[in-house]
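Below, chain A is the first sequence line, B the second, and so on; all start at residue 1. Nothing here was measured: the structure is a model prediction, and the numbers come from that model.
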There are 2 protein chains.
Amino acid sequence: MTRRNQHLTLRDVSEASGVSEMTVSRVLRNRGDVSPKTREKVLEAARMLGYVPNKIAGALASNRVNLVAVIVPSLSNLVFPEMLAGVSEVLDATDLQPVVGATNYDPAKEEKTLFEMLSWRPSGVIIAGLEHTDASRAMLANCGVPVIEVMDVDGDPVDAAVGISHWRAGYQVGTEIAARGYKRVCVLGTKMDGDHRARKRIEGLERALSESGTGIVDQMAYSGWSGFAKGREMTADALKRVSDLDFLFYTNDLTGAGGLLYCLEQGLDVGGDLGLAGFNAFSLLDGLPRKLATVDSRRREAGQLAARIITGEQTFETEDRRIELVPTFLPGETMRPRSTDQVT
Amino acid sequence: MTRRNQHLTLRDVSEASGVSEMTVSRVLRNRGDVSPKTREKVLEAARMLGYVPNKIAGALASNRVNLVAVIVPSLSNLVFPEMLAGVSEVLDATDLQPVVGATNYDPAKEEKTLFEMLSWRPSGVIIAGLEHTDASRAMLANCGVPVIEVMDVDGDPVDAAVGISHWRAGYQVGTEIAARGYKRVCVLGTKMDGDHRARKRIEGLERALSESGTGIVDQMAYSGWSGFAKGREMTADALKRVSDLDFLFYTNDLTGAGGLLYCLEQGLDVGGDLGLAGFNAFSLLDGLPRKLATVDSRRREAGQLAARIITGEQTFETEDRRIELVPTFLPGETMRPRSTDQVT
DNA sequence: ATGAAAGCGCTAACAC
DNA sequence: GTGTTAGCGCTTTCAT
């Protein structure tokens, strides 16, 4: 019981191999010149003992941390794991490691998580969205490492931003709806203060519709979990409450899919008199009875680019450190053809 | 330019507040008695300066790290975020923080991730599954903190395990299938060496069926992404390749849902002559045209309990540090009633 | 190619 | 209630 804790230290490896701590350190980090012989001895000793280096001490001494903080509202909404997959893909080729924190769409929790993560002095921060508390923005501005706000570019980034414009994505959907002659549009979203991206989509949609002389006829927001069931409920309610609706826009593919299933069961003319569209283009939904109109929000690419900014592979030439990705509108089979495409 | 890096230190706060570093440290950690006056001064100074403590130094000095390593195969398969949600729920009430790593179902990557995470000296490890490389097991056995293997109990845990028995879950489904008079069962899974839980479910199913005098007639495994489309394809193939199938077991609800949609479109007698079942009970799928038979794998509870073992709220009385959760079989509407329930 | 000494920013332990 | 001292396990720097 002479040891303060149960972990092995460099010193143990040093003693076991008969090589100085310093040289052991060099071997274990592949730094500096070490003779193959010494190298072998050290590696053997480390392996035998089961030595696991103490990154805490290493980080303190070297002032270098190979962690990248990634902060997202939720892991249960697939868009975030998908963005994360993009981040991992890129970081896997480096010695950087993502560390994920979830905020439950709560700005206060975001602030806390951010503080917590920054106190580990990560080499970069990737954070979803552009809306943060003042304190969070201050921390991000002063943390001294690259900060990439992802999945949205509608606003002023603290440092850099990568993602689509949800406002413009909504606007585009609105344009497509109008171009196809739909007049009475209902928006079905989930009630979630923290979901700024959904709000921006709706605002863009509204603008496009009003520019084309129509507007949003009704809007419903339900709280709780997004899923098929919620989509069904909302759809049934909407169709009952408002007469003559001819288009339903769901802020999310999952509720959209539920609505689609409901409308098909009701025998409604989906893709004809009644149009439907969701958002996000979840590939797991490929294979619905009818392909739902949607928009690919390019979250994986956003994650990749954010990671590349941190690794330095991606740079900016201008003052404006934003990369706006272009969302792809996918009409699927739930909207009638554009009027100009129609045969007369 | 006298400072080595751009971060503020305790010393800066100490100087700004005219209080010793030690007392500043006490205030910032709420430890020991500090007069309200001093306390206020320190907090004010820290806030003004925007001080973010350096946990690296703190952890090194105190030999305490408030991180819990959570290692999962993937974040894109919803079962893992759901388990994680259970972990977070419990840890949120403490000062512990989950740190998530994904392995892509690759034992070598798992080993690497584990090594990386252990080198940060976390206060506990939660890791999915009981199958690991020898080196991983050795690291887990020697890391000196609680190790909880979650979402499976079919095997020998290094330290503790929480989850359902996938073998028994499969066995139960098999029993239900047999009890309902289905005779020609096909299993549709995804080809994934690392998915031991799916394998165990199939083995349990097979046993139950063979005990009831039948067996698995055919088995298909497709690689790639689980989703509706995959379920459709596999289902179409299976029904074409093998004649007289009367039951399809999907190792996963998503492919199951795709299969369900396909079968309904084909006008097959789903829930009657043709039975279907998935696995996991994803609530986002509530609202399919017909409720798919499935099994709740209780991953959220597994996460909660694992976290409670680490916090010390959950303890064991016996030698066997395993908690076996009981999966709930949900017959849904895609299996005919048990023969004994049938009206004659 | 290898080693010795200093110190990273904080906290434990002890003094006052 | 507050301050002082030593040192956590590594890496940096400089010497050899």
Colleague: I need the CG-C1' distance between B:L60 and D:dA6, as an integer number of Å.
Modeller: 13 Å

Colleague: Does a side-chain N or O from A:T38 land closer than 4.0 Å to OP1 or OP2 of C:dA1, or not?
Modeller: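 Negative; the distance criterion is not met.
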
Colleague: Just how far is it from atom CG of A:L325 to atom CD of A:Q304, taken to the nearest 0.5 Å?
Modeller: 10.0 Å

Colleague: Which whole-number value in Å describes the distance from B:R121 CZ to D:dC8 C1'?
Modeller: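 Answer to the nearest Å: 12 Å.
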
Colleague: Quick one: on DNA chain D, does B:P36 or A:P53 contact a more 5' nucleotide (nearest heavy atom)?
Modeller: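 Final value for this comparison: B:P36.
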
Colleague: My understanding is that only residues two or more places apart in sequence, or in another chain, count here; which of them pass salt bridge (Lys or Arg N to Asp or Glu O under 4.0 Å) with B:R137?
Modeller: none

Colleague: Would A:E15 and A:R11 pass as an ion pair if we require N to O under 4.0 Å?
Modeller: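 Result for this pair is yes, salt bridge flagged.
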
Colleague: Using a 4.0 Å heavy-atom cut-off across all strands, classify A:D33 as base, sugar-phosphate, or nothing.
Modeller: base

Colleague: Which parts of nucleotides 11-16 of chain C does protein reach within less than 4.0 Å, heavy atoms only, written one letter per nucleotide 5' to 3' as B for base, S for sugar-phosphate only and - for none?
Modeller: BBBB--

Colleague: Can you list everything that forms a side chain to side chain donor-acceptor pair (under 3.5 Å) with A:R321? Sequence neighbours excluded, please.
Modeller: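 Only A:D159 meet the side chain to side chain donor-acceptor pair (under 3.5 Å) criterion with A:R321.
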
Colleague: Quick one: do B:E82 and B:R299 make a salt bridge, cutoff under 4.0 Å?
Modeller: yes

Colleague: Whole angstrom is fine here: how far is it from CG in A:L28 over to C1' in D:dG9?
Modeller: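 To the nearest whole Å, that distance equals 13 Å.
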
Colleague: Tell me: CG of A:N66 to C1' of D:dT11, nearest whole Å?
Modeller: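 From A:N66 CG to D:dT11 C1': 15 Å.
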
Colleague: Residues of residues 39-52 of chain B with any non-hydrogen atom less than 4.0 angstrom from an atom of DNA chain C: list those, numerically ordered, please.
Modeller: B:Y51

Colleague: Let's see if you can work this out: which of D:dC10, C:dG3, D:dG3 has an atom nearest to the side-chain heavy atoms of A:T23?
Modeller: C:dG3

Colleague: Give the rounded distance in Å between these two atoms: CH2 of A:W120 and P of C:dC10.
Modeller: 13 Å

Colleague: How would you list, by chain and number, every residue that makes a salt bridge (Lys or Arg N to Asp or Glu O under 4.0 Å) with A:E301, sequence neighbours excluded?
Modeller: A:R298

Colleague: In this structure, how many angstroms lie between the C1' atom of D:dC10 and the CG atom of B:N54, rounded?
Modeller: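 Rounded to the whole Å, the gap is 14 Å.
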
Colleague: Output all residues satisfying salt bridge (Lys or Arg N to Asp or Glu O under 4.0 Å) with B:K109, sequence neighbours left out; order by chain, then residue number.
Modeller: A:D92

Colleague: Distance check needed: C:dA4 P versus A:R11 CZ, whole Å only.
Modeller: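 My rounded result for the distance is 12 Å.
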
Colleague: If you measure from CG on A:N66 to CH2 on B:W120, what distance do you get to the nearest 0.5 Å?
Modeller: 6.0 Å

Colleague: Does the side chain of B:S74 come under 3.5 Å of the side chain of B:N77 through a donor N or O and an acceptor N or O?
Modeller: no

